[in-house]
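Remarks on the structure that follows.
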Protein chains: 2
Amino acid sequence: MNSDKAYDFIRERILSGEYPPGHALMTNVLSSAIGVSRTPVRDALRQLEADGLVIIRPRLGASVKTMDLKEFRELCGLRVALEGYAAGLAAQHRTDADLHEITFALESLKSLTERFIAAAEEQPIRGELAQEDVRFHIAIMTAARNDLIKREILRLHLLNRVVSGPAPKNREPAPPDFKASRHPHLSEVQAEHEQIYEAIKRRDVSAAEDAMEKHLQSIVENSLRTMARAENRLIAKELTKEELNYTT
Amino acid sequence: MNSDKAYDFIRERILSGEYPPGHALMTNVLSSAIGVSRTPVRDALRQLEADGLVIIRPRLGASVKTMDLKEFRELCGLRVALEGYAAGLAAQHRTDADLHEITFALESLKSLTERFIAAAEEQPIRGELAQEDVRFHIAIMTAARNDLIKREILRLHLLNRVVSGPAPKNREPAPPDFKASRHPHLSEVQAEHEQIYEAIKRRDVSAAEDAMEKHLQSIVENSLRTMARAENRLIAKELTKEELNYTT
DNA sequence: AGCAGCGCACTTGTATACAAATTTTGCAAG
DNA sequence: CTTGCAAAATTTGTATACAAGTGCGCTGCT
């Protein structure tokens with residue numbers, strides 16, 4: 001269906017960062033870019049709004065969703081609630097096959113983490129690491145045997161990725177204290193992964209919930225820091241812009 | 001905006017039970033009923049799909065969402081996760097004003113419950129009771145200070161209401177053992193409400209979570225029973241229909 | 001030079017027209 | 001009387017045309 005074509009087209013660009021948060025999505029531009037009329041584009045935008053990736057304001061048009069710190073924190077809260085509960089469910093319902101899948105993702109994560117810490121060139125591994133991380137989380141959600149929760153969590157993951165950063169490409173090459181501050185965090189994260197795994201393995205519901213919640217809290221703190229930095233930088237930028245007005 | 005008019009129109013009928021689960025929603029019928037063209041109707045249907053109230057299958061049209069037992073259980077799981085977490089948040093963040101609001105709803109519930117048990121005529125009170133119940137829950141969600149979670153929970157409540165029953169009007173006037181079986185449940189529910197309230201009052205996070213989860217579990221069990229009955233009755237109905245074919 | 005007000009271009013929202021697809025109806029054969 | 005098939009009738013999805021609202025720039029004034 002043409003409407004789906006438009007949906008995929010726009011969604012891809014949002015997820016890849018080509019359309020960053022705040023980017024205006026005008027129906028006629030999109031329709032000529034995709035090669036369909038405005039009707040299926042409007043349809044696609046409504047679906048993307050349902051995903052939370054796009055916001056449509058009447059008469060003002062659609063744009064890629066942006067979030068302030070407050071909303072982002074709330075989003076993280078939602079994730080904690082859902083993923084924590086799902087981890088508990090996984091501990092209850094997991095089969096051996098599920099456990100095997102989780103183990104596999106965990107091992108990949110482990111080796112990637114070690115390679116990442118040792119590597120000089122960070123960027124190529126960073127992507128793989130993120131991918132394995134979602135694989136790990138998805139394996140757990142699958143083991144929880146609740147498709148509704150799984151879909152919802154996936155949705156939140158995507159939304160989180162989109163709003164939390166203008167994609168990794170826009171990052172400075174090597175901030176001075178970045179490496180030092182990030183790597184202890186990484187091994188900590190890996191330890192948390194293993195605790196979650198252990199709890200699910202021995203079918204300990206509340207331990208699984210707690211471990212997952214703690215894990216997300218620590219991830220969230222990190223995200224919030226980088227997000228706060230980004231917001232500060234934005235404000236700084238605006239100030240300098242105003243200063244430019246003053247100096248002219 | 002006309003699209004909103006269509007949205008409200010359809011939504012109201014779904015929530016009131018006039019369009020029961022499974023009811024086909026055809027764009028031309030709706031458009032002439034509402035007095036707008038098919039375009040805003042399609043738009044409205046997409047929004048309702050985002051709410052989960054409508055399902056659109058390509059080329060097959062839209063219909064009011066139906067759920068089988070499995071999906072319903074999953075929905076309830078979602079509610080447990082979200083409302084449990086939100087109760088914990090409420091215990092953390094509640095102000096005295098929040099508590100006052102909750103108290104008010106709780107008191108209304110208490111007196112209504114007592115009147116309900118004593119009353120001969122059940123139906124008029126039943127509606128008030130349900131309304132006060134959501135008021136109680138909403139007061140807690142408000143105290144949790146997380147609008148995203150609050151909106152999500154409200155969405156789930158509505159969805160739950162729509163799929164769980166073909167509206168109260170379609171219920172038998174007075175099933176014989178219904179009153180006996182329902183009233184202990186009701187006072188039990190009221191006791192659970194009070195436990196939730198107490199936990200939030202004394203800012204006991206995990207007690208609030210546990211109480212809310214237990215409360216929902218008991219509600220859910222009840223819903224599942226009635227839902228299973230409904231499904232059985234449906235199957236029975238279909239069988240008799242087939243039997244009719246045999247007898248003719 | 002700065003600012004107010006007006007008008008134009010652009011964009012959204014809605015209606016209508018048309019093509020594709022699905023369901024239903026009618027008909028004929030077993 | 002049932003079953004299978006074909007064609008008509010709905011119904012969806014898409015394109016296009018048009019009305020209405022928004023924002024921007026331009027001109028003219030102070």
Side-chain angles (χ1 to χ4, degrees), chain A residues 1-14 19-51 53-66 238 241-248, chain B residues 1-14 19-51 53-66 238 241-248:
Chain A
M1 210 152 62
N2 263 347
S3 163
D4 296 338
K5 197 163 80 174
Y7 176 80
D8 291 338
F9 182 97
I10 303 169
R11 196 181 120 110
E12 268 176 36
R13 321 257 151 163
I14 293 177
Y19 298 161
H23 183 93
L25 301 166
M26 286 174 305
T27 51
N28 52 5
V29 175
L30 289 170
S31 71
S32 56
I34 301 170
V36 298
S37 85
R38 284 178 49 219
T39 314
V41 170
R42 267 188 71 80
D43 231 55
L45 288 175
R46 272 265 130 80
Q47 285 180 262
L48 288 162
E49 191 188 28
D51 294 337
L53 294 176
V54 161
I55 184 170
I56 301 179
R57 275 129 47 185
R59 287 278 168 200
L60 294 180
S63 54
V64 181
K65 173 80 182 175
T66 61
E238 301 221 347
K241 195 172 143 196
E242 270 197 17
E243 281 188 322
L244 275 177
N245 271 345
Y246 262 88
T247 53
T248 45
Chain B
M1 208 153 63
N2 263 347
S3 165
D4 297 337
K5 198 163 80 172
Y7 176 80
D8 291 339
F9 182 97
I10 303 169
R11 196 181 120 109
E12 268 177 36
R13 321 258 151 162
I14 293 177
Y19 297 161
H23 183 94
L25 301 167
M26 286 175 305
T27 51
N28 52 5
V29 175
L30 289 170
S31 72
S32 56
I34 301 171
V36 297
S37 86
R38 283 178 51 219
T39 313
V41 170
R42 268 188 70 80
D43 231 56
L45 289 175
R46 273 263 129 80
Q47 285 179 261
L48 288 162
E49 190 188 28
D51 294 337
L53 294 175
V54 161
I55 184 169
I56 301 179
R57 276 129 46 185
R59 289 279 169 199
L60 294 180
S63 53
V64 181
K65 174 79 182 174
T66 62
E238 301 223 345
K241 195 171 142 196
E242 269 197 16
E243 282 188 322
L244 274 176
N245 270 345
Y246 262 88
T247 53
T248 44

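Everything numeric in this text was worked out from a predicted model, so none of it was measured. Labels below follow one simple rule: chain letters A, B, ... track the order of the sequence lines, proteins then strands, and each chain is numbered from 1.
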Would you mind building the protein contact string for nucleotides 18-23 of chain D? One character per nucleotide, 5' to 3', B for base within reach (heavy atoms under 4.0 Å), S for sugar-phosphate only, - for untouched. --BSSS
Residues that A/Asp8 engages under side-chain contact (heavy atoms from CB on, under 4.5 Å), provided they are two or more places apart: none
Partners passing side-chain contact (heavy atoms from CB on, under 4.5 Å) against A/Arg11 (at least two apart in sequence or in another chain): A/Tyr7, A/Leu15, A/Leu48, A/Asp51, A/Leu53, A/Leu158
A/Leu25 CG to A/Ile56 CD1 distance, which is reported to the nearest 0.5 Å: 9.0 Å
Whole-Å gap separating [atom2] ([N]) and [atom1] ([X]):
{"X": "A/Met1", "N": "D/dT12", "atom1": "CE", "atom2": "P", "answer": "12 Å"}
{"X": "A/Ile55", "N": "C/dT12", "atom1": "CD1", "atom2": "C1'", "answer": "16 Å"}
{"X": "B/Arg42", "N": "D/dT14", "atom1": "CZ", "atom2": "P", "answer": "7 Å"}
{"X": "A/Asn2", "N": "D/dT12", "atom1": "CG", "atom2": "P", "answer": "18 Å"}
{"X": "A/Gln47", "N": "D/dG13", "atom1": "CD", "atom2": "P", "answer": "10 Å"}
{"X": "A/Ile34", "N": "D/dA15", "atom1": "CD1", "atom2": "P", "answer": "11 Å"}

Does anything in residues 22-32 of chain A come within less than 4.0 Å of DNA chain C? Heavy atoms only, and list the residues if so. A/Leu25, A/Met26, A/Thr27, A/Asn28
Under the salt bridge (charged side-chain N to carboxylate O under 4.0 Å, His left out) rule, collect the residues that match up with B/Arg38, sequence neighbours excluded. none
Side-chain atoms of B/Pro58 come closest, of D/dG13, C/dG13, D/dT14, to D/dG13
Result block: side-chain N/O donor-acceptor pairs under 3.5 angstrom for residues 28-35 of chain A, not counting sequence neighbours:
from, atom 1, to, atom 2, distance (Å)
A/Ser31, OG, A/Thr27, O, 3.3
A/Ser31, OG, A/Asn28, O, 2.9
A/Ser32, OG, A/Asn28, O, 3.1
A/Ser32, OG, A/Val29, O, 3.0

Please tell me if the side chains of A/Leu45 and A/Arg42 come closer than 4.5 Å, counting only heavy atoms from C-beta onward. no
Identify the two heavy atoms, one from [X] and one from [Y], that lie closest to each other, and give their separation to 0.1 Å.
{"X": "A/Ala44", "Y": "A/Ile10", "answer": "CB-CD1, 4.3 Å"}
{"X": "A/Ala6", "Y": "A/Pro40", "answer": "CB-O, 4.1 Å"}
{"X": "A/Val64", "Y": "A/Pro20", "answer": "CB-O, 3.4 Å"}

Ignoring backbone atoms, establish whether B/Thr39 has a side-chain N or O less than 4.0 Å from OP1 or OP2 of C/dT14. no
